[in-house]
Amino acid sequence: MKAITYTSNGGPDVLTLTERPVPEPGPGEVRVRVHVSGVNPTDWKSRRNTAPASAQVPNQDGSGVIDAVGSGVPETRIGERVWIWEAAYGRADGTAQEYVALPAGQAVALPDHASFDLGASLGIPALTAHRALTVADGGPERLAPGALDGCTVLVAGGAGAVGNAAIQLARWAGATVVSTVSGPAKGDLARAAGAHHVVDYRAQDAAAEIRRIAPDGVDIVVEVAPAANAALDRAVAAPDAVIAFYADDDASAAVPVRPSMALNLRWQGVLVYTVPPAAKAHAVAAVTAAVADDALHAGPDAGLPFHRFPLAETARAHQAVEDSVIGKVLIDVAAPTG
C-alpha cells in the first residue's frame, strides 16, 4: 500500500511517499481503508519538532471504511463507514496511508448522510471544541440539545477549524453564540458556521459590541489567542465564566490576576490528547450525536472551505496548514467520494 512517512523531524520535505505492507488488525483493533485524511496544526508541529523513533505516518484524523477486524471486535463492523480520531497519538501510524489499523474505539460510526470529508474534519477540532464548551463549573459534561440553554458563548477566531466546530456545537446545544473575527471574509465564514453575532475586532470596539450583545457578560470563551485577547476576555466575561484556551500565542503572557479573582474567572487549558478519559468519551459521544442530528457540517457552506491534495502531495498539504490557510486541508487517500 502507499503511505507517507518521515524518519526525522523537519519541514514538509521530510515527508516521503513509500510502499508498506497492508497492516493486520491486532486484538481489539479494526483496519480502516482510508478515504480522506485531515491535516491539523498539531500534525505539522509534531513533524517539525519531534524526531520519531521509527518511520512515522502523520495525521491524526481521517475517515474511511472498516475492512477487517481483530479478535474481540464484532465482524459486523466490517463495511462500516467511520471517522477516526488520534490515530497517530503515541503510535507510528497516522491516516496518511491507504490502510490504518487502530483501536476499535478510535474508529467511530459515520452515518450515511455524513460525507467522508466531514468525517476527516472532526477529530482534533471537534473534540477540542467540545472540551472547551464543557469545562465550566456545573457542566454540562456532555453536549446535547438544550445543554447550553441560557448560556452565551464567545468563540474567538470563528473562521478557524476549532472555532467553526465550537460555533456549530454550541448552537446545537442551545447557546447564543458570538464570534470575533479579523475581517469581513472571516466574518462571512463565522456566520456560515452559525454564529448569531459576529464582531470584527479590527473595525469595531469589540468589548463594547460584545457587552451590547450580552450585557451580563459571556459565560464561556473558546479562546485561540489567550495572550492577545486576555484583556478583552476579562472585559466581557460574566462572573464565574470560564476562558478555555486551546492554543499558545505567548507562553510568557500573564493572566490578569486581580480582575480574574474579582469575577471568579477560570482560565482553563485544553489539550485534546491529555483530556481525562471520561471527558474524551463524552466528547466522542456528543460529536457522534451531533453528526447524527445533522448539526455538524464542513465545507464552504458551513464556513469551513476545503483545500484538497492527493496523497502524493501530503507535503504541500502540510505546508498549507503551516501557512495558516483558512479552511480545512484534506488529503484524498482513496478516490474522492462522499
Side-chain angles (χ1 to χ4, degrees), residues 12 34-45 58-64 83-85 95-96 110 113-129 155-172 177-203 222 224-225 246-247 287 290-291 294-311 313-338:
V34 180
H35 283 246
V36 182
S37 176
V39 188
N40 296 290
T42 187
D43 298 315
W44 72 257
K45 291 176 182 178
N59 300 357
Q60 301 287 351
D61 297 344
S63 60
W83 62 277
I84 297 167
W85 55 274
T95 61
L110 185 68
H113 72 260
S115 69
F116 287 123
D117 291 344
L118 173 60
S121 303
L122 298 173
I124 298 293
L127 299 182
T128 297
V155 178
V162 175
N164 178 280
I167 290 170
Q168 295 191 66
L169 286 170
R171 275 207 65 145
W172 175 62
V177 183
V178 184
S179 180
T180 53
V181 296
S182 61
K186 290 183 179 180
D188 289 342
L189 295 177
R191 290 186 189 91
H196 296 94
H197 307 278
V198 175
V199 177
D200 183 342
Y201 62 81
R202 291 182 175 170
V222 181
V224 66
Y246 60 90
V287 169
V291 172
D294 203 22
L296 267 177
H297 303 92
D301 291 343
L304 195 68
F306 292 140
H307 306 273
R308 314 192 76 97
F309 299 84
L311 182 63
E313 296 182 17
T314 295
R316 288 184 57 221
H318 270 229
Q319 187 64 63
V321 179
E322 202 162 344
D323 290 341
S324 300
V325 67
I326 301 302
K328 187 67 185 180
V329 171
L330 299 177
I331 296 168
D332 291 311
V333 180
T337 180

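Keep in mind that what you see is a predicted model, and the values were worked out from it rather than measured.
With a 4.5 Å cut-off on side-chain heavy atoms, Val224 and Val162 do not count as touching. Side chains of Phe309 and Leu330 form no contact here, defined as non-hydrogen atoms less than 4.5 Å apart. You'll find the side chain of His297 stays beyond 4.5 Å of the side chain of Val291, heavy atoms only. Using a 4.5 Å heavy-atom cutoff, the side chains of Asp43 and Val321 are not in contact. Inter-residue side-chain proximity for Trp83 and Leu118 is flagged as unmet; no heavy-atom pair is nearer than 4.5 Å.
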List, one per line, each side-chain donor-acceptor pair under 3.5 Å for residues 298-306, sequence neighbours excluded.
none

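Residues Gly158 and Val181 come closest through the heavy atom pair N-CG1, 4.4 Å. Heavy atoms only, all atoms of each residue included: Arg202 and Ser182 are closest at CD-O, 3.3 Å. Shortest non-hydrogen contact noted between Gly187 and Val198 is CA-CG1, 3.8 Å. The two residues Ser179 and Ala190 come nearest to each other via the heavy atoms OG-CB, 3.9 Å. Residues Asp294 and His113 share a closest heavy-atom pair of OD1-CD2, 3.8 Å. In terms of heavy-atom proximity, Leu169 sits nearest to Ala126 at CD1-O, 3.7 Å.
The residues Arg308 and Asp117 are annotated as salt-bridged, a charged nitrogen and a carboxylate oxygen being separated by less than 4.0 angstrom.
Partner Ile84 forms a side chain to side chain contact (heavy atoms under 4.5 Å, CB included) with one of Thr95, Val36, Asn59, Asp61 and no other, that one being Thr95.
Each side-chain hydrogen bond (donor to acceptor under 3.5 Å, both in side chains) pair with one or both residues in residues 156-171, not counting sequence neighbours, appears once here: Asn164-Gln168.
Rounded to the nearest 0.5 angstrom, Asn40 CG and Gln60 CD are separated by 8.0 Å.
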